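Only a predicted model underlies this, so the values are computations on that prediction, with no experimental measurement involved. Reminder, nothing fancy here: chain letters follow the sequence lines and each chain counts from 1.
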Amino acid sequence: MLRLPRFQYHAPRSLTGALELASRHANEFMYIAGGTDLLPNMKHLLFEPPHLISLRGLRELDFIEVQGGGGIRIGALTTLTRIAESDLARRELPSLAQAAGLVAGPQIRNMGTLGGNVCLDTRCVYYNQTLFWRKALGYCLKKDGSQCHVVQSGKRCVAAHSADTVPALITLGAAVELQSPRGAREIRLEDFFSGDGVKNTVREADEIITAVRIPPQPRGRRANYTKVRIRNSIDFPILSIALAVDFREDGRTCDNVELVMTALGSKPRRIGNLHGVVEGRALTAEVIQAVAHQAHRQAHPLTNINVDPEWRREVAPVYVRRALERAVRAG
Amino acid sequence: MSKKLNEMPVSNPNKGRTFKVVGRQPRKPEGLKKVSGEALYTDDIVLPRMLHAKILRSIHAHARIRKIDASKALALPGVHAVVTGNDMPIAYGIIPWTQDEYPLCTDKTRFVGDGVAAVAAVDEDTANRALELIEVEYEVLPAVLSPEQAREHPEIKVNEKAKDGNLSKHVFLEFGDMEGGFARADVVDEDHFYFENTTHAPIEPHCAIGQYDRNGVLTVWSSTQVPHYLHRELARVLNLPQNRVRVIQPLVGGAFGGKSEPFDLEFCVAKLAMITGRPVKILYTREEVFYSHRGRHPMEMTYRTGATKDGKLTAIDAKITFDGGAYSSFGLVTAYYSGQLLTAPYQMPAYRFDSSRWFTNKPACGPKRGHGSVQPRFAFEVQLDKIAHRLNLDPIELRRRNFIGEYTETINGLRITSNGFLECLDAVEKASGWKERRGKLPFGKGLGVAGSMYISGTNYPIYPNEMPQSAVLVRLDRSGRAVIFCGASEIGQGVNAMLANILCEELGTALADVQVVSSDTDLTPIDLGAYSSRVTFMCGNACIDAARKLRKQILEACAEKLQTSPEDLDILPGEVVCLKDTAKRLSTPEAFQLAEAKSGSLAATGSFKTNPLGGDYRGGTIGASPAYSFTAHVAEVTVDPGAGFVTVDRIWIAHDCGKAINPILVEGQMEGSAYMGCAEAIMEAQTYNSKGMHIGPSLLDYRIPTSLDTPEMQSLIIESIDPEGPYGAKEAGEGPLHPSIPAVANAIFDAVGVRLTRLPFTPAVVLKALREKEERERRAAPAAAGGQ
Amino acid sequence: MKVVCTLRVNGEPHEIAIPPHWTLLEALRYELGLTGSKQGCDKGDCGACTVIVDGRPELSCLTLALGAEGRDVRTVEGLATPQGLHPLQDCFDLNGAAQCGFCTPGILMSAAALLEHNPSPTREEIKQALAGNLCRCTGYTKILDAVEQAAARLREARP
């Protein structure tokens, strides 16, 4: 059986306790929540932290709450299953509930947390492999090597951002709350990610995501999430599309479209230049086609995922079109 | 008295029989252990003082081993022994004529993952750390990664056992008048097909434990499906007399052909146990399971088929090139099977095949469920569909017209006895609503049909000998309990249940009173193994043989007691009854006791051996089987024309298994086969990068279907009652895989009008074919409108 | 260095000493002798190691043994009672839902958790609940049949 590397395990009961441990073991630890992403990576010897600080005991971070003003705050330790099954999330944040319910398989959703999904390590066919395999390859930019096998002359790692909940959360304007021994901060989720696949978030090693805050949503908003994958369970996305469409009171005229795609490069990609296409117009076939065209122009799948990138690019507008049609029908 | 080749049975003693237990008892003897977690598989066994071993594997696809220095590893506390290729320098291989593997590489490594050294240590962590400390000096050699490269670069010798460059095996056989056949054809179709490399992926990774005792007896527990062949190879390679080796096969967590030959771990645990004097276990990681492989050969196939305008086949010409990987495995047989097993259920007036297996620097391919014949069957059944469309014939009707019949011989000399193929076609036609629905479904939905045949056991053992191929020992206790000792491997296919049902039928015991002791070479008579779908036919007959000897003793003793003749008695579940005076009854324990009193302790052996079968030419025995199963499938698919995804909605599976001894288990084999074929049709692919590395050796990256990706399946059992099978039974475990792949391909054509000839039918492949079709139609349309 | 921890498995507390890097699966199989839970893929891809933790199916190969402290773990060995088999177990046997039997313990635990939350699942809901458990033998059909039959039996038993 693939074995975990050795480490010391700490199970603090509170946020304060976790942060104290983080200070004590500075630069020698990693946080672990559900463990469904970290432990396979540790079994592949991609991470060998001397200390693991478990966040599982931080029950105060397991909540879904409505805030004054109508926003929703979700504790980082809330499981994906709980979000997928939450009536509140399904009603108010359907694209997030859909995305959470499409992560991996049922057991992993029972274990995996929202904070963990937001921090999901980037993925690549040349990276998510055993030490033996990577040694045979000659390693890669992201771990132990100097060569990228996806972009042959590439100097920057392009491992794929693959978290399902993130594109949905970005379209909803979410922000993450972080806490470290140095204090707290809040960052818009869209600004949380960088384009460097080695470490694609701005989270410092000792920062804990405590909650995700989703602002009140516009009244006429319809949001949905599409996950493309080969199997209908277990698989990571090979393309995913989060959509939020704001309709005016007539339920037809469109004000704005938020479209974020992922499983491309190292950060989720917001499809830009849509405002001029959709504002003040009904989502006719022609308008939908124009949005889909933008998606096709701006989405560039890579061989970091072992499913034909040309096909993925070709079907990106197809799935965008279908997502928009679903939004129209949902009215 | 020597029998002549392909003697036809003169009568069918199985016809018209009625049964008391057979066909009615769904449970199996080990069933409750499996659902309670009590069933023991190899990794569940822990022996006192047991060490754990790991195998160091080659990081190069092709390299000469210059030097191995294990001194640092040996110095690591907790390490007990290190072995390398030089410690076991005798070559092994499942086929005696092509033994080309070593437990650990002796001179060079031939694929990424080839074993180089093994370490035994107090635990896996220590063994892993020791592996990192072994220094191997390699001279990297150029690698050959495809059959084309293998052919073009004979100077890069992958496997020194190859006589001619990198050619592993070449078979060319021709039957009938090929020229005449094509000359009288009204249509000739030539197509090229590709079948992708796929693997078994049993959920249980391979595991073995070795123990060497003070009497000099080596015991190996292994998750193998061929304990007898493993026994022989362990003795030979480790230089032990066969009578100093014992192989025990605990329950196996799936195999599908992937555990049907010896592997490095079995030799390594044995050798390390002999060196250390302690038990040693190796459990493969999932990655190592992918490197051990022996899965489906990728095949490039060209078929040229002629037919008359009324759809009768006139000649079939096949050229097949396949990638064998680094070692021979069963490759000699695969090369023959790729041609030999296509000659039914359709009459072929002329047939030729030219098959070449090439060595490449990749994990060896071997026998996966439907060994050697799944790939050609895919190609041929798609081509038949094409011909049917070209001739404007219903594809089911075309298949009926070419039916070879029963009690006949194929063009290549295979004796066909019972044959329920027409009933299979009728059943799927009716159940699927074929006549009403085909061609009337909306664009994107379609139905496809395909048929096939498969062997019920290979007629000859892997090493030539005159001894039985299967044997059973039954011991009856005066309490009424019975124990069946049999070497057959229970790998989930249900052999234990099959044997127990036979015993219950013959002797009246209750299932709960039957214990099956299987696959322990010290305790059980030899069965050759769970391969080539041989177990029901051969072991079943051996069990009937043993049971009937006991039945005779029991009936004679009961007749004496009841003062009647044995012919007037019958054995029912739990009792012996006098048919003439049903008041005269004896319970099963009473009957056993009377028999024991009369003839001594009750035990009997039974055995089975095949008659000479096959074609009278070199290679004519390969493909010969005492009986053949027949199958037809109809698949219903939905194609998403926008993205290219194919969803297999439903498969109707009709399978002629002769007689279903346990219908639930037969259905399970049919469904499991269809599922596995369907998976190969739409998603499975084992591919390698330019360094010869497996692209994704995990169950995340090698995708096998989940419950959400598997079609609804309907099993339709057809019972043709074979004259020689046990109660008429034939195989059910491999045949039903074959038609699912071409049936899906043909259904895709029906749904969207594209002919897919390269597997798997991933959305990218399907979408590309759809775009090409649109392009063709776009180009054709203005030309037609122009109307020159 | 081993550490001592207490795991509550099938209602019973077990004090064991294990290295911190052991998974719950290793602790169950190699320390507690509960070999019913299986190891198939090394890293959370197959579901053979599924156990019920605090009422939900989870993967014991991706759970640290120390992380399971204070939680309620149930394995296949805890499914039957002294009074008899769980209906799922009997129906799996009766329907041929366990062929090689290696994925069976994990599937039983996923199915048991489903029926505890949803006594009348549709076939689609059963497929969804079992979608993290790979079976290579059955093609799932007999498994779905068995879960449906067990659900019906359970409903009859407690109306």
Could you look at [X] and say if it's the side chain, the backbone, both or neither that has a heavy atom under 4.5 Å from chain A?
X      : result
B:P763 : both
B:L283 : both
B:L699 : backbone

Nearest 0.5 Å please: distance from the [atom1] atom of [X] over to the [atom2] atom of [Y].
X      : Y      : atom1 : atom2 : value
B:F761 : B:I682 : CZ    : CD1   : 10.5 Å
B:I282 : B:C207 : CD1   : SG    : 9.0 Å
A:T262 : A:D164 : OG1   : CG    : 9.0 Å
A:M111 : A:L39  : CE    : CG    : 7.5 Å
A:L38  : A:L52  : CG    : CG    : 6.0 Å
A:Q298 : A:R269 : CD    : CZ    : 6.5 Å

query = Hey, which of A:I230, A:L2, A:L4, A:V125 has the most heavy atom pairs under 4.5 Å with chain B?
reply =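 Sorted descending by pairs with chain B, the first entry is A:I230.
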
message = For chain B, which candidate among A:P40, A:P5, A:A136 shows the most heavy-atom pairs at distances under 4.5 Å?
response = A:A136

key: Toward chain B, the part of A:L137 with a non-hydrogen atom under 4.5 Å   = both

ask   = Of A:E28, A:H51, A:M42, which meets side chain to side chain contact (heavy atoms under 4.5 Å, CB included) against A:F7?
value =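 So the option named by the test is A:M42.
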
query = Would A:N110 and A:T81 count as having a side-chain donor-acceptor pair, cut-off 3.5 Å?
reply =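 The answer is yes; a qualifying pair exists.
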
task = May I ask you to name which of B:V112, B:I695, B:V765, B:L56 has the most heavy-atom pairs under 4.5 Å with chain A?
result = B:I695

task = Determine yes or no for a side-chain-to-main-chain donor-acceptor pair under 3.5 angstrom, with A:S95 supplying the side chain and A:N224 the backbone.
result =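 Checked: no pair found.
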
Scan the chain A/chain B interface and emit each donor-acceptor pair under 3.5 angstrom with its distance.
{"unit_1": "A:M1", "atom_1": "N", "unit_2": "B:E124", "atom_2": "OE2", "d": "3.0"}
{"unit_1": "A:R3", "atom_1": "NE", "unit_2": "B:D125", "atom_2": "OD1", "d": "2.8"}
{"unit_1": "A:R3", "atom_1": "NH2", "unit_2": "B:D125", "atom_2": "OD2", "d": "3.4"}
{"unit_1": "A:Q129", "atom_1": "NE2", "unit_2": "B:I695", "atom_2": "O", "d": "3.1"}
{"unit_1": "A:T130", "atom_1": "OG1", "unit_2": "B:E287", "atom_2": "OE1", "d": "2.8"}
{"unit_1": "A:T130", "atom_1": "OG1", "unit_2": "B:E287", "atom_2": "OE2", "d": "3.1"}
{"unit_1": "A:W133", "atom_1": "NE1", "unit_2": "B:H694", "atom_2": "O", "d": "2.7"}
{"unit_1": "A:K135", "atom_1": "NZ", "unit_2": "B:E132", "atom_2": "OE1", "d": "3.4"}
{"unit_1": "A:L137", "atom_1": "O", "unit_2": "B:K691", "atom_2": "NZ", "d": "3.1"}
{"unit_1": "A:R231", "atom_1": "NH1", "unit_2": "B:I704", "atom_2": "O", "d": "2.8"}
{"unit_1": "A:R231", "atom_1": "NH2", "unit_2": "B:L699", "atom_2": "O", "d": "3.4"}
{"unit_1": "A:N232", "atom_1": "N", "unit_2": "B:D709", "atom_2": "OD1", "d": "2.8"}
{"unit_1": "A:N232", "atom_1": "ND2", "unit_2": "B:L708", "atom_2": "O", "d": "3.3"}
{"unit_1": "A:N232", "atom_1": "ND2", "unit_2": "B:D709", "atom_2": "OD1", "d": "3.1"}
{"unit_1": "A:D235", "atom_1": "OD2", "unit_2": "B:R703", "atom_2": "NE", "d": "3.3"}
{"unit_1": "A:W311", "atom_1": "NE1", "unit_2": "B:A643", "atom_2": "O", "d": "2.8"}
{"unit_1": "A:E314", "atom_1": "OE2", "unit_2": "B:R771", "atom_2": "NE", "d": "2.7"}
{"unit_1": "A:E314", "atom_1": "OE2", "unit_2": "B:R771", "atom_2": "NH2", "d": "3.4"}
{"unit_1": "A:R322", "atom_1": "NH1", "unit_2": "B:D640", "atom_2": "OD2", "d": "2.7"}
{"unit_1": "A:R322", "atom_1": "NH2", "unit_2": "B:D640", "atom_2": "OD1", "d": "2.6"}
{"unit_1": "A:R322", "atom_1": "NH2", "unit_2": "B:D640", "atom_2": "OD2", "d": "3.3"}

